[in-house]
Amino acid sequence: MPPDPRPKRKRFGQHFLHDRGYVDRIVKAISPRENDIVVEIGPGGGVLTKPLSTQAGRLIAVEIDRDLAAHLRHVFASNDNVSIVEADALAIDFANFGERLRVVGNLPYNISTPLLFRLTAQRQYVSDAVFMLQKEVVDRIVAVPGNKTYGRLSVMLQCYWHVEALFRVPAGAFQPPPRVESAIVRLSYRDPVIDAKHDSSFETLVRTAFGQRRKTLRRSLAPLMSEQAIRQCDIDPSVRPETLAVEDFARLSLQC
């Protein structure tokens, strides 16, 4: 077996989890079952891949780094239930892997937000996801109205997922240690707050509202709707977007 790989490519944001205690906690949080199809994003050296492969019915590991992908193919050559896919996670089509997927991974900080949006766009194939992310990102995902971290990411994800922050992972659990703290978040499928036919108008409205978050709705939403239209949704045009619930944005999007 080749030696364990070490992070070499800074552009991929590689920080490998090595603390066995946190590995066990993450696998327990995922709780894979024998009938599950698990898609692991960014397996790195395979520290999560190994325990997941013994519990999941099928494991698909998506790795962009060709050296790491080659290492994983060697390590799991005898595991019939493990597939190594050398690809950019931002370009994959989850439909190719099946339905009711369970998606997991230690996401590189530089792709976490776009990958979360891509996963949401293909949510019909996903039952849940457990990710390790920068703690700041997890705080934004689970934030509630009125919180300073509540924003576009909060609203867009909470519209389509039940979100839950699980626990923190300190920098010392990684090699090399990142400069930020990490945390584990779970996204579970939910019935969306809006109909699929309104997805585009909802996304446009949320992006516009938080593009100028310090402005009132009257001003920030002026390109999309009138003050009267805002009032018709039983919403005060003088409030700022961070005070609105996800359901408020859903009502507003129907007026766009």
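Using a 4.5 Å cut-off between side-chain heavy atoms of Ile, Leu, Val, Met, Phe, Trp and Tyr, with links allowed through other members, Tyr125 and Val85 fall into the same hydrophobic cluster. Taking hydrophobic clusters as Ile, Leu, Val, Met, Phe, Trp and Tyr residues chained together by side-chain heavy-atom distances below 4.5 Å, Val27 shares a cluster with Met132. Linking Ile, Leu, Val, Met, Phe, Trp and Tyr residues whenever their side-chain heavy atoms come within less than 4.5 Å leaves Leu254 and Ile230 in two separate clusters. Note: the hydrophobic cluster containing Ile194 also contains Val163 (ILVMFWY, side chain heavy atoms under 4.5 Å, direct or indirect links). Ile30 and Leu17 fall within a single hydrophobic cluster, where Ile, Leu, Val, Met, Phe, Trp and Tyr are joined by side-chain heavy atoms under 4.5 Å apart, directly or via other members.
A distance of 9.0 Å separates NZ in Lys50 from CG in Leu72, rounded to the nearest 0.5 Å. Expressed to the nearest 0.5 Å, how far CZ of Arg168 lies from CG of Leu166 amounts to 13.0 Å. Here the straight-line distance linking atom CZ of Arg214 with atom OG of Ser220 works out to 11.5 Å at 0.5 Å rounding. Atom CG of Leu224 is separated from atom CG of Leu252 by 10.0 Å, given to the nearest 0.5 angstrom. How far CD1 of Ile84 is from NE2 of His74: 12.5 Å, rounded to the nearest 0.5 Å. In this structure, the separation between CD on Gln134 and OG on Ser112 is 7.0 Å, given to the nearest 0.5 Å.
The shortest distance between side-chain heavy atoms of Arg240 and Lys215 does not fall below 4.5 Å. Side-chain contact between Phe131 and Asn106 is absent, with no heavy-atom pair separated by less than 4.5 Å. Taking the side chain as every heavy atom from C-beta outward, Arg123 and Pro192 approach each other to under 4.5 Å. Put simply, the side chain of Val23 does not reach to within 4.5 Å of the side chain of His18, judged on heavy atoms.
When every heavy atom of Ser238 is checked against every heavy atom of Thr216, the shortest pair comes out as O-CG2, 3.2 Å. Here the closest heavy-atom approach between residue Ala250 and residue Val193 is recorded as CB-CG1, 3.5 Å. A pairwise comparison of heavy atoms in Pro32 and Leu52 identifies CG-CD2, 3.8 Å as the closest pair. When every heavy atom of Val142 is checked against every heavy atom of Ala165, the shortest pair comes out as CG1-N, 3.8 Å. Residues Leu217 and Asp236 approach most closely at CD1-O, 4.0 Å, considering heavy atoms. Nearest heavy atoms, Val62 versus Ala87: CG1-O, 3.7 Å.
In the model, Asp191 has no side-chain atom that pairs as donor or acceptor with a side-chain atom of Tyr160 under 3.5 Å.
A donor-acceptor pair is defined here as one N or O able to donate and one able to accept, closer than 3.5 Å; no such pair exists between the side chain of Thr208 and the backbone of Leu221. Checking side-chain atoms of Glu63 against main-chain N and O of Asp65 turns up a donor-acceptor pair under 3.5 Å.
Applying the salt bridge (charged side-chain N to carboxylate O under 4.0 Å, His left out) test to residues at least two apart or on different chains, none of the pairs has a partner in residues 16-29. Pairs passing the salt bridge (charged side-chain N to carboxylate O under 4.0 Å, His left out) check and including a residue from residues 76-85, sequence neighbours excluded, do not occur. Among pairs with a residue in residues 215-245, none fulfils ring-ring contact (aromatic ring centres under 6.0 Å, His included), at least two apart in sequence or across chains. Sorted by first and then second residue, the pairs that involve residues 220-230 and meet salt bridge (charged side-chain N to carboxylate O under 4.0 Å, His left out), not counting sequence neighbours, are Arg218-Glu227, Glu227-Arg231. Pairs passing the ring-ring contact (aromatic ring centres under 6.0 Å, His included) check and including a residue from residues 34-58, sequence neighbours excluded, do not occur. Applying the ring-ring contact (aromatic ring centres under 6.0 Å, His included) test to pairs two or more places apart or on separate chains, those with a residue in residues 220-254 are Phe210-Phe249. A salt bridge (charged side-chain N to carboxylate O under 4.0 Å, His left out) check over residues 244-256, counting only residues at least two apart or in different chains, returns the pairs Asp248-Arg251.
The side-chain contact (heavy atoms from CB on, under 4.5 Å) test applied to Asn79 returns Ser53, Phe76, Asn81, Val82, not counting sequence neighbours.
Crowding of Gln232 atom CD: a count of heavy atoms from other residues, nucleotides or ligands under 6.0 Å exceeding 12. Heavy-atom contacts from other residues, nucleotides or ligands closer than 6.0 Å to CZ of Arg100 number 12 or fewer. Counting heavy-atom neighbours within 6.0 Å of Arg219 CZ, excluding the residue itself, gives a total of 12 or less.
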Listing, residues 180-189 side-chain donor-acceptor contacts under 3.5 Å, not counting sequence neighbours, or none:
from: Ser182; atom 1: OG; to: Tyr109; atom 2: OH; distance (Å): 2.7
from: Arg186; atom 1: NH1; to: Ala29; atom 2: O; distance (Å): 3.1
from: Arg186; atom 1: NH2; to: Ala29; atom 2: O; distance (Å): 3.2

I'd like a table of donor-acceptor pairs (distance under 3.5 Å, sequence neighbours excluded) in which one partner is a side-chain atom from residues 143-158, with atom names and distances.
from: Asn147; atom 1: OD1; to: Thr149; atom 2: N; distance (Å): 2.8
from: Asn147; atom 1: OD1; to: Thr149; atom 2: OG1; distance (Å): 2.7
from: Tyr150; atom 1: OH; to: Leu244; atom 2: O; distance (Å): 2.7
from: Arg152; atom 1: NH2; to: Glu203; atom 2: OE2; distance (Å): 2.9
from: Ser154; atom 1: OG; to: Arg140; atom 2: O; distance (Å): 2.4
from: Ser154; atom 1: OG; to: Gly151; atom 2: N; distance (Å): 3.0
from: Gln158; atom 1: NE2; to: Ile141; atom 2: O; distance (Å): 2.8
from: Gln158; atom 1: NE2; to: Ala143; atom 2: O; distance (Å): 2.8

Would you be so kind as to tabulate the donor-acceptor pairs closer than 3.5 Å made by side chains of residues 36-49, with sequence neighbours excluded?
from: Asp36; atom 1: OD2; to: Arg33; atom 2: N; distance (Å): 2.8
from: Asp36; atom 1: OD2; to: Arg102; atom 2: NH1; distance (Å): 3.0
from: Glu40; atom 1: OE1; to: Thr49; atom 2: OG1; distance (Å): 2.6

Let me check something: any side-chain donor-acceptor pairs from residues 113-122 under 3.5 Å, sequence neighbours excluded? List them with distances.
from: Arg118; atom 1: NE; to: Leu90; atom 2: O; distance (Å): 3.1
from: Arg118; atom 1: NE; to: Ile92; atom 2: O; distance (Å): 3.0
from: Arg118; atom 1: NH1; to: Leu90; atom 2: O; distance (Å): 3.4
from: Arg118; atom 1: NH2; to: Ala91; atom 2: O; distance (Å): 3.4
from: Arg118; atom 1: NH2; to: Ile92; atom 2: O; distance (Å): 2.7
from: Thr120; atom 1: OG1; to: Leu116; atom 2: O; distance (Å): 2.8
from: Thr120; atom 1: OG1; to: Trp161; atom 2: NE1; distance (Å): 2.9
from: Gln122; atom 1: OE1; to: Phe94; atom 2: N; distance (Å): 2.8
from: Gln122; atom 1: NE2; to: Ile92; atom 2: O; distance (Å): 3.4

